[in-house]
Amino acid sequence: MHLLPQASRPSACPGLMRIVPARDGGLCRIRLAWGELSAAQARVVAHASRTFGSGFIDVTNRANLQIRGVREDSQEVLVSRLVDAGLGPLTPGSDDLRNVMSSPLTGLDPHALLDAVPLVSTLIGQMQRDARLHELSPKFALMVDGGERLAMLDHPHDVWLSAISAERFVFGLAGGPPQFENDTPALAAVKTGHVPALVDALLHTFLDLAQPWQTRMRDLLTTCSIEDILGRVQEKLGLPLDRDVEHWRRPTSDARLRFGVHRQGTGDSVYVGAQVPLGRLDAATLFALADLAPQLRMTPWQSVMLLDVPSAEAQAVVEQLAALGLATNPDEPFARLIACTGSQGCAKSFADTKADAHLLARSMPPAGNVHLSGCARSCAAAHRVETTLIAVAPGRYDLYGEAPEPLARHLTIEQAARWLARSPSDA
Ligand code: SF4
C-alpha cells in the first residue's frame, strides 16, 4: 500500500470557487480527495479562516471542509490563497461537483482488496474535466470502495462501486453496498480497468434521461427502470455486464478504527484518529493538528486522522488530541453526538443545535448515538442514527427512534437527556 506522490494527485486550476451565503457569512467549501490535506494546506485553511472568516471550520459528512463566516470583501483573496495551496477545483465550473467518496483508509489499509487511490484520482479528474457532468446536482454522490476495513457504507449514494477483488468491481444505484442478507444486491460487475468508462456511461445516461426535477438517481428510478438504465449503459460501454453478483455481500465496516492508534499500511508508521466535537474546528485547533502530523485526513464521520505518526510518538499524540478537546475514544459523548449547523449558521433552524448538543454532552448516557437537527431536513446525518432530536422551537425538540412518529414531543435538552437515560424496560 502506498500514497500517490503529491505530484500525481489532482492539482487545482485557478478556477473560481463558489462561496455561498449563510446566516453567519459566506461559506467556502473545500473538497478534499479521499479527505486528505497536508499539514501545510491545513495551516493555509486555518490562517484563511482566521483572517477572512469567523475562525471556524466545519468537517462535513463527506470528509470535506467548510470555512465559515467569510466576509464579502475577502472572498477573492480567500479563493486565491486556497487555489495557490492546491485546494481549489481542477477546472472552472466543477466546484459544485461532489467529491468521489472513498474510505479514509484509501491507500493505507493492508487488508483492502486494492489501493483505490489511483482509481479515485482518475474519477475525480474525469468528472471535473467533463463540462457536461458539471450539470449534476451538487448533492449527486458517488462512492468508490476498495474493500477497506473502515468505510462509510450507510450514506445513500447515487452510484456506488465496491471492489470484490483487485480485478473486479460490482456497482449499484441509489443506495450502498449490500452488507446483510436482505439488502438490495449489487447490479453487475466489471473489470477494474473498465470502472472509469462505466462511471462515464452511468453519469451520461443519468443526464440523458433525467427530467429537470430528477436531481438524484432515486428520482430517476421513479420513472425509469433499472433494466432500461443498464441497457443504455451497456450500449455506451460496448461491453457485456456480468449480472451474476446477487449473492455478493460486503464485510461490515469497523467504525472503531477511526479512534486511537492503528497501523498505517505495511510500514512502521501509525495513524491516530479522533472525533472533532460536532464536526467543528476552530483555527487554533487546526493549526495544532497540523503541528502533530505531516498529513491529515478528514472522515465522513466528521473526524480526523493524523497520518505518518512515528509509533513511538503515538501515545503522546493521543494525549495532545484529547487536550485539544477531540474525542479519542468511541465511548466519549462527543464521539456519539452529531448536530447540524443550527441557528448560528442556518436560517431554517428552529434552535441552536450546536449549543444544545454541548449541553446534552454533559448528561449523555454511557451508550447510544444522538443526532440533533435544526429542522426536518437532517443535513448532518446522511445515515440513520439511533436517536434523532428535531428542533421545533428554540431549545425544544421532538425525539425520534426508528419509527416515523416521534417518541416524545417538545422536550427541553434536560428532558431529552432524562429520556435517553431511561432503560428500554422503562419505555
Ligand atoms: S438540518 Fe435544517 S436547520 Fe440544520 S443545517 Fe440543514 S437546513 Fe439548516
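Note that ligands are numbered from 1 as they come in the structure, with each ligand's atoms numbered from 1 the same way.
Looking from atom 8 (Fe) of ligand 1 to the surrounding protein, the closest heavy atom is C346 SG, 2.3 Å. Looking only at heavy atoms of the protein, atom 6 (Fe) of ligand 1 is closest to C379 SG, 2.2 Å.
Applying the 4.0 Å criterion to heavy atoms of S373 picks out, from ligand 1, the atoms 1 (S). The distance from ligand 1 to the heavy atoms of G374 drops below 4.0 Å at these ligand atoms: 3 (S), 4 (Fe). Residue-ligand proximity, R377 to ligand 1, at heavy-atom distances under 4.0 Å covers atoms 7 (S).
At a cut-off of 3.5 Å, with distance as the only test, a side-chain donor of N369 or E386 sits close to an acceptor on the other residue.
Considering L78, I67, L27 in turn, L78 is the only one that fulfils the side chain to side chain contact (heavy atoms under 4.5 Å, CB included) rule with I19.
Residue-level proximity to ligand 1 for S378 is carried by the backbone, the only part with a heavy atom below 4.0 angstrom. Of all the heavy atoms of C375, the ones lying under 4.0 Å from any atom of ligand 1 are found in both the backbone and the side chain. Contacts with ligand 1 closer than 4.0 Å are made by heavy atoms of both the backbone and the side chain of S349.
A salt bridge links R132 and D208; the closest N-O separation between the charged side-chain nitrogens and carboxylate oxygens is under 4.0 Å. The pair D95-R31 counts as a salt bridge, with a side-chain nitrogen and a carboxylate oxygen less than 4.0 angstrom apart.
Atom 8 (Fe) of ligand 1 has no N, O or S atom of C340 inside 2.8 Å of it.
Ring geometry for W160 versus W248: interplanar angle under 30°, hence parallel rather than tilted (30 to 60°).
Contact check for R396 versus Q415: side-chain heavy atoms found under the 4.5 Å cut-off.
The number of heavy atoms from other shown groups lying within 6.0 Å of CZ (R232) does not exceed 12.
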